[in-house]
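Some notes on the structure that comes next.
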Amino acid sequence: MDRKRSSLNLFEDIDLNYKATELRLGLPGTDDQPEIKTSLSGNKRSSSEMESSTCTDENESRSASPTKEQVVGWPPVRSYRRNIVQGKKESSEMGSGMYVKVSMDGAPYLRKVDLKMYRSYEELMEGLQKMFKCIIGLYSEREGYNGSQHAPTYEDKDGDWMLVGDVPWEMFITSCKRLRIMKASEARGLDDSL
Amino acid sequence: MVYSLPEEVLEHVFSFITLDKDRNAVSLVCKSWYEIERWCRRRIFVGNCYAVSPSIMTRRFPEVRSVELKGKPHFADFNLVPEGWGGFACPWISEMSRAYPWLEEIRLKRMVVTDESLELISTSFKNFKVLVLSSCEGFSTDGLAAIAANCRNLRKLDLRESEVMDLSGHWLSHFPNTCTSLESLNIACLGSEVSFSALERLVGRSPNLKILRLNRAVPLEKLSTLLCRAPQLVELGTGAYSSGIRSDVYSSLSKAFLGCKELKGLSGFWDVDPSYLLAFYSVCSRLTSLNLSYATIRSPDITKVISQCPNLQRLWVLDHVEDSGLNAVALSCKDLRELRVFPSDPYIADANVTLTEQGLVSVSEGCPKLQSVLYFCRQMSNSALITIARNRPNLICFRLCVIEPRAPDYLTLEPLDVGFGAIVEHCKELRRLSLSGLLTDRVFEYIGRHAKRLEMLSIAFAGNSDLGLHHVLSGCDGLRKLEIRDCPFGDKALLANVAKLETMRSLWMSSCAVSYGACKFLSQKMPMLNVEVIDENGSLDSRFDSCPVEKLYIYRTVAGPRSDMPGYIRTIDRDRVNTIS
């Protein structure tokens, strides 16, 4: 009991010091604020969809247990264990959404896109160009992506690297495991071998 | 009067001291012991690759033979750590290639490894024997080809759960015909087919091969061929475990298993066809380790297998095992030390599986040596937890995941505080604990009071206020790693326990209520800590002091702030703090 009391006292003492050093949780010029409520999980948040939440974010009350909605990283199951029941290989991050990694030659880190967010190659190209600030250009069956600095490629189920655009969109999104935006000079080699 | 033993004698004595903790203690006795010890230390373990720099390591310990490094925080396993965070092995491997020509073993966990680094490993260390890449990424089968081709004395190549860019299965053919030293090969994580003939030949010329874990792409029809080449195997991971209905496959497999007199561990079992389960029955009575966590077989089949394995010490299984299967475990597996039950369908609210808290209670009753538990389920009660705690005070690791966040005791609708409280109170040697379900600050009070040996604690969707975190930080004397997500813990508890943070390896907090200002203050006050703020949403520069940080990773270090962070991570720079405020 004594220990408990003293630990609480310590806590309160430190709390006083805290005030004395004038560190506040509120914005400068405001009175002492009550504790900031976190926006607790309940919203689906993904690492690639950046919802712009600012510090004046709404105070969310704790929702009832979110059974239907999915929370990033919960339950804590490694990605390679996720799709065992259906027997299919890992192709999506969560139950819905079809996230694949995207790398671009020369970029320091990878990104992720949800292929289900796009309905066509054009939309996907637009999204990629925005994300990586690059120009991909138009596809043509004969020329591939000639005339631009970058060419999008993808790894399919068999582990082969293919040029994006050859197969129907629906077929593409079910077989695409990851994307790589190659430098056009490298991609030409890919093109020639097709 | 000064009396000391000759250096050689001391060195000989030290050679019997293997634990890092003991070695560190030895080096603190006096200067000469420090010197002798550092010259004869052969194994290094660095739990956080950013806690120390490669050159600091090589400068102090010049004669190392084995290095183990860990990179990303544990929550990276669940996609909470963004891409590009760090954990790059390259600078370590470069430095080691320069300083340790006689290096034999490298073990990396959650690190980014490139093909160039693998090539450098393969050419820098003439006596290289062991490469373990656990949950690593960034390399391809080209890098593996270099390892295979150049490491003449390779004994162990273990890729456990790494993400490998699978460019081709031909890398395995790069093992030269003269390579006969292989003892352990784990390629279970590889997606595409390896060249089977190369694999068969490799297995055939490796008389010391004890551990072989195949990937899913190795078909069942070929398994017996491999087993006949390696009857001395102690641990086997199968590939896909189904085939058409072919009696010849079954009988040759059965015969092959019969020949494996040393087999003690089994894993793999993707796509299991239950009719082939009987093929390894001859091995069951000897099995100490069984991993069926990829096998979607149902309870009666699982129960049949388990009841044949009286010597099982480790069992990993899906929740298809159900309470009935776990009852069978409790009856048959009296030597069980470790149980892991994984969810077959983690995202649906109501799985069609009768696995409840009762299964775990049964095992806790029936298995007196049970030490380590990982259990995913959909309902839990305080009374079950109390029973488990009373049955098994010898628990060392208890990780419970009630799948629905903040799920209360399903019988009383109360929080699970008292249940987990019983666990920490009875299990005095508990070293690792993961919490779930509805929990208030009270559970942390119990943990702070009782969990004195606790080294790692994982918290999610729990607690009411800073008091909860304060209980943990002030009470858990042995705490080394603390990871927290989605809890209403803010600045107060952290700032009241700054000194504690230096005694720990690391602290991770995401989606909590710690403010940017508190991070700055902490960084200023504690120069031995790196306070890293992760913010993928917007610019870190425009943050007000009052803004809550998205993710926070604090760790002690002697290497100063790291320089390899992507733009959305910032170490709060102490100099900047001074000029801003």
Side-chain angles (χ1 to χ4, degrees), chain A residues 3-4 7-8 10-11 14-15 18 21 23-28 33 35-41 45 47 50-55 57 62 65-68 70-82 84-85 87 89 93-95 101 108-112 155 158-159 161 177-178, chain B residues 75 77-80 82-84 161 166-168 189 191-192 271 293-294 296 318 342-347 349 376 401 403-407 445 449 460-461 465-467 470-471 474-475 485-486 488 490-492 495-496 511-513 515 517-518 521 536-538 543-548 566:
Chain A
R3 241 185 102 212
K4 178 181 172 179
S7 69
L8 279 178
L10 178 65
F11 190 58
I14 303 294
D15 194 37
Y18 179 64
T21 57
L23 282 172
R24 298 170 178 207
L25 295 179
L27 291 172
Q33 292 286 337
E35 77 280 4
I36 290 179
K37 294 200 191 115
T38 52
S39 64
L40 295 170
S41 68
R45 283 170 73 190
S47 47
M50 301 303 143
E51 293 148 28
S52 52
S53 56
T54 64
C55 15
D57 216 353
R62 276 200 206 128
S65 9
T67 46
K68 300 296 178 231
Q70 287 183 17
V71 177
V72 175
W74 191 266
V77 177
R78 304 277 308 268
S79 49
Y80 58 80
R81 289 195 178 279
R82 282 193 198 153
I84 298 170
V85 173
K89 276 204 207 153
E93 275 300 301
M94 309 189 227
K101 286 186 185 173
Y109 50 90
L110 283 66
R111 304 298 301 272
K112 273 220 168 97
E155 183 187 12
D158 302 324
W161 285 92
K177 272 168 59 180
R178 59 189 295 161
Chain B
F75 272 176
D77 285 355
F78 315 123
N79 302 314
L80 287 175
E83 298 280 353
E161 292 116 35
D166 232 324
L167 301 177
S168 122
C189 62
S192 58
D271 315 312
S293 62
Y294 298 108
T296 53
L318 285 175
F342 295 95
S344 51
D345 224 331
Y347 299 110
F376 285 82
C401 179
I403 288 182
E404 200 174 289
R406 303 194 197 90
E445 197 194 313
R449 197 188 312 159
F461 308 106
S465 75
D466 276 72
L467 202 50
H470 174 69
H471 284 308
S474 59
R485 62 161 298 174
D486 293 277
D491 299 342
K492 293 187 196 159
L495 297 176
S511 305
C512 295
S515 74
F521 179 76
E536 292 176 274
N537 270 342
R543 287 277 165 199
F544 290 117
D545 277 7
S546 56
C547 285

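As the structure is a prediction and not an experimental result, all values here were calculated from the model.
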Basic-acidic side-chain contact under 4.0 Å: B/Glu83, A/Lys112: yes
Would you indicate whether the side-chain heavy atoms of B/Pro566 and A/Pro108 approach each other to under 4.5 Å? no
How far apart are the C-alpha atoms of A/Val71 and B/Arg485, what are their side-chain angles, what is the distance that settles it, and do they pass the side-chain contact (heavy atoms from CB on, under 4.5 Å) test? CA-CA 11 Å; A/Val71 177; B/Arg485 62 161 298 174; 3.1 Å; yes
So do A/Pro76 and B/Phe75 actually touch side chain to side chain, heavy atoms under 4.5 Å? no
Less than 4.5 Å apart, side chain to side chain, heavy atoms only: is that true for A/Val77 and B/Pro343? yes
So A/Glu155 and B/Leu167, do their side chains get closer than 4.5 Å, heavy atoms only? no
Between A/Arg78 and B/Phe78, is NZ or CZ placed under 6.0 angstrom from the six-membered ring centre and within 45° of the ring axis? no
Euclidean distance, B/Leu318 CG relative to A/Arg81 CZ, rounded to 0.5 Å: 7.5 Å
Taking side chain as everything from C-beta outward and backbone as N, CA, C, O, which of these in B/Phe376 sits under 4.5 Å from a heavy atom of chain A? Side chain, backbone, both or neither. side chain
Is any side-chain heavy atom of B/Pro346 less than 4.5 Å from a side-chain heavy atom of A/Trp74? no
